[in-house]
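Since the structure is predicted, the reported quantities are computational estimates derived from the model, not experimental observations. Proteins get letters first, then strands, A, B, ... in listed order; numbering begins at 1 in each.
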There are 2 protein chains.
Amino acid sequence: MIEIRSLKVAGKVTLKHIADELGVSAMTVSRALNNSGSVQGKTQERILETARQMGYRPNHIAKSLVSRRTYTLGVVIPEISHSFFPEVIRGIEQVVYDKGYQIILAHSSEDAVREQEVVEMLLSKRVDGIMISCSQNTEDASFFENIAKTDTRIVFFDRCIEDIGISCIGVNDRNAAYKITEHLINLGKRRIAHLKGSGKVSITKNRLLGFEEALHQNRVNTFSELIIESGFQEKGGYEAMKILLDLPTHKRPDAVFAVNDPVAFGAMEAINEAGLRIPEDMALVGFSDDIRSPLMSVPLTTIHQPAYDIGTKAASKLIRLIENDKELQEKVMLISTLKVRESCGANQ
Amino acid sequence: MIEIRSLKVAGKVTLKHIADELGVSAMTVSRALNNSGSVQGKTQERILETARQMGYRPNHIAKSLVSRRTYTLGVVIPEISHSFFPEVIRGIEQVVYDKGYQIILAHSSEDAVREQEVVEMLLSKRVDGIMISCSQNTEDASFFENIAKTDTRIVFFDRCIEDIGISCIGVNDRNAAYKITEHLINLGKRRIAHLKGSGKVSITKNRLLGFEEALHQNRVNTFSELIIESGFQEKGGYEAMKILLDLPTHKRPDAVFAVNDPVAFGAMEAINEAGLRIPEDMALVGFSDDIRSPLMSVPLTTIHQPAYDIGTKAASKLIRLIENDKELQEKVMLISTLKVRESCGANQ
DNA sequence: TTGTATGCGTTATCAA
DNA sequence: TTGATAACGCATACAA
């Protein structure tokens, strides 16, 4: 039983305090606490016990200053209220926790300016790495290229900037978009619209590409007035759909492929308001398999993305990049699956 | 135009580097960068320009070591896949971003052991404060009391430990539970079950209290075999409901009040599997107004909680506690509202 | 207005 | 096995 002379309030006890308490040096305490092996058994025991009693908590700030490692990763997401992202975070959390890291969660609110600000902040906090899914108006690739040149590792997930040598974890967007568009074609649709994303991010480009390719390969006409930019949020989907609905009746689409499910929900609302039925008057499909999609009054046909796995893959990739200098950048495309429900008209 | 002799890769530039570059002292650079006012206009300009060109990024780790402030808050949630929590986080994010703080997100996965571990880690990272919603088996109040004694501020939200002098931001659970139970009584229900939460957290206790009180005040019998612990997750709701369904037919409840919506979803599944209809054979209500609740095939009657506001209030309270020594602990009860949908049988 | 010394809490390094 | 010293990057306090 060791009596502590100066009982400190937890949270402010330092190595020095423990050292003074026991009449040893701070270094010895450090070594004992870190189990370096070079401390006498008896001394180590006394130190451990005293540290416990004094409520010692290592100061990771000081540790980080010395080690230049924070064991903290930044995660930047554009919109936490899309169910896809919390699920990705669950996956990330699982991996980083096991590996002894923490995450700082930052939210860009679909705004590139705010995105850069939060990334700068993460960099100032000296996170060991960053996982990011870009905002809808992210354009400045050089911003990320410059970061990639530093010793801060970075990995994109879902919404990537491609071809700048930074890892990207997502699904095969192009192929999936192709498949779901072809599904509409097989259902007899011939005037197919696309509510496209924004900016230069991968999913905007690749989902559009897959869409166009499917039309082309199946000799279905492409109508440029049926490709409307909607961004990635419900509101944008609603507004983009309004534009399509304002077309003369014979020019209206018979099917709509939305870049993601929230956009499809917005479109759904506009279609309902116009008094049209889904899928009879207009088929509608999305992408991402939002938690609400199977529950809508007309369940939404969509592409299921393995969000949790995207999270685990992104996190393990990032940690490997941090911990292993020889680890290479890579593009990981997980398997997505077509979820046929009712909004496409297949199950009538 | 200033020529930089030693172009550093961004992220590793220090005050000293900039100072050497310009032949001034590090302190002058520090002052210039912090706009302390005591630097000559010309010098300051040169410093700012050089810092920009060299890609200087302040090292918040070092700053924090000196200032003992990290401008980082820990947020501990039990289950990120309940839509309530991401919405709370959105609210928190909004406030902390405006005030210049960051958040470290930690996930206890409904496990008290993990909860303590992540809190210890947050403390080691010297967060300025912690917002926490307890796990379902959190029991150790003294753990939090001890933290409250230190200079790390702490605030509970939604799931609190009460009466230990720590702020709690939530809704009036007891009153809301009373109201929704009385609603069932007014609908003629007389054998009402409660799927109760777990542990010592506020919502378990208060929702049960409100439930019992409503029965009592309205002279409706309480049946102890109809109060089953379910925890807070869907699975627990499913299993608890199975127990009720195994009761002899005449002893089964005619209505069920679940401690939250995920539990109600689990119960819903069990009821469906048993071939019973909601609400005809058994009414069902929840609490929290999950994003899925209005979309279920039988939309769920529930209590709506202002999740976003709970987040903003919790964050502003915490920041005030951090920044103002005279700020007092308080219990904030926001307004919740009864959302009558179809699962209770009112809209038939 | 600018610079020097010192300390924040920890660890690497070298010496004893 | 233990200790003294310096360093991590910055800011406070004081001196010039």
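Of the possible polar contacts, none joining the B:S30 side chain to the B:A26 backbone as a donor-acceptor pair under 3.5 Å is found.
With respect to B:E323 and B:K99, no salt bridge is recorded, no charged nitrogen being found less than 4.0 Å from a carboxylate O.
In this structure, the ring-ring contact (aromatic ring centres under 6.0 Å, His included) partners of A:Y101, at least two apart in sequence or on a different chain, are A:Y71. Not counting sequence neighbours, A:K125 has no partner by the salt bridge (Lys or Arg N to Asp or Glu O under 4.0 Å) test. By the side chain to side chain donor-acceptor pair (under 3.5 Å) test, A:R31 pairs with no residue at all, sequence neighbours left out.
In this structure, B:I61 atom CD1 and D:dG9 atom P are separated by 12 Å, rounded to whole Å. Remark: P of D:dC10 and CZ of A:R68 are 11 Å apart, rounded to the nearest angstrom. In this structure, A:R69 atom CZ and D:dC8 atom P are separated by 19 Å, rounded to whole Å. To the nearest angstrom, C1' of D:dC8 lies 17 Å from NE2 of B:H60. To the nearest angstrom, P of D:dC10 lies 17 Å from CG of A:N59. What separates CG of B:L15 from C1' of D:dT12 is a distance of 14 Å, to the nearest Å.
Considering only heavy atoms from C-beta on, B:V75 stays 4.5 Å or farther from B:I104 through its side chain. Side-chain contact between B:K317 and B:I169 is present, with heavy atoms from C-beta onward closer than 4.5 Å. By the 4.5 Å heavy-atom criterion applied to side chains, B:P58 and B:L33 are not counted as neighbours.
Along DNA chain C, read 5' to 3', the first and last nucleotides having any atom under 4.0 Å from a heavy atom of chain B are C:dT1 to C:dG9.
Nearer to the 5' terminus of DNA chain C, by closest-nucleotide assignment, is the contact made by B:L65 (compared with the other of B:L65 and A:S30).
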Check the interface with nucleotides 2-5 of chain D: list each N/O to N/O pair with the protein under 3.5 Å, or write none.
from, atom 1, to, atom 2, distance (Å)
D:dT2, OP1, A:T43, OG1, 3.2
D:dT2, OP2, A:Q40, N, 2.9
D:dG3, OP2, A:S25, N, 2.9
D:dG3, OP2, A:S25, OG, 2.9
D:dG3, OP2, A:T28, OG1, 2.3
D:dG3, N7, A:R31, NH2, 2.4
D:dG3, O6, A:R31, NH1, 3.2
D:dG3, O6, A:R31, NH2, 3.3

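Per the SG-SG cut-off, B:C168 and B:C160 are bridged by a disulfide [distance under 2.5 Å].
Rounding to the nearest 0.5 Å places CE of B:M54 at 6.0 Å from CD1 of B:I18.
Taking only side-chain nitrogens and oxygens, B:K63 comes nearer than 4.0 Å to OP1 or OP2 of D:dA11.
Remark on the helix from C:dT1-D:dA16 to C:dA16-D:dT1: inter-end axis angle 50°, axes from five-pair C1' superpositions, rounded to 10°.
For B:R159 and B:F232, the positive end sits near the middle of the six-membered ring, less than 6.0 Å away and at most 45° from its axis.
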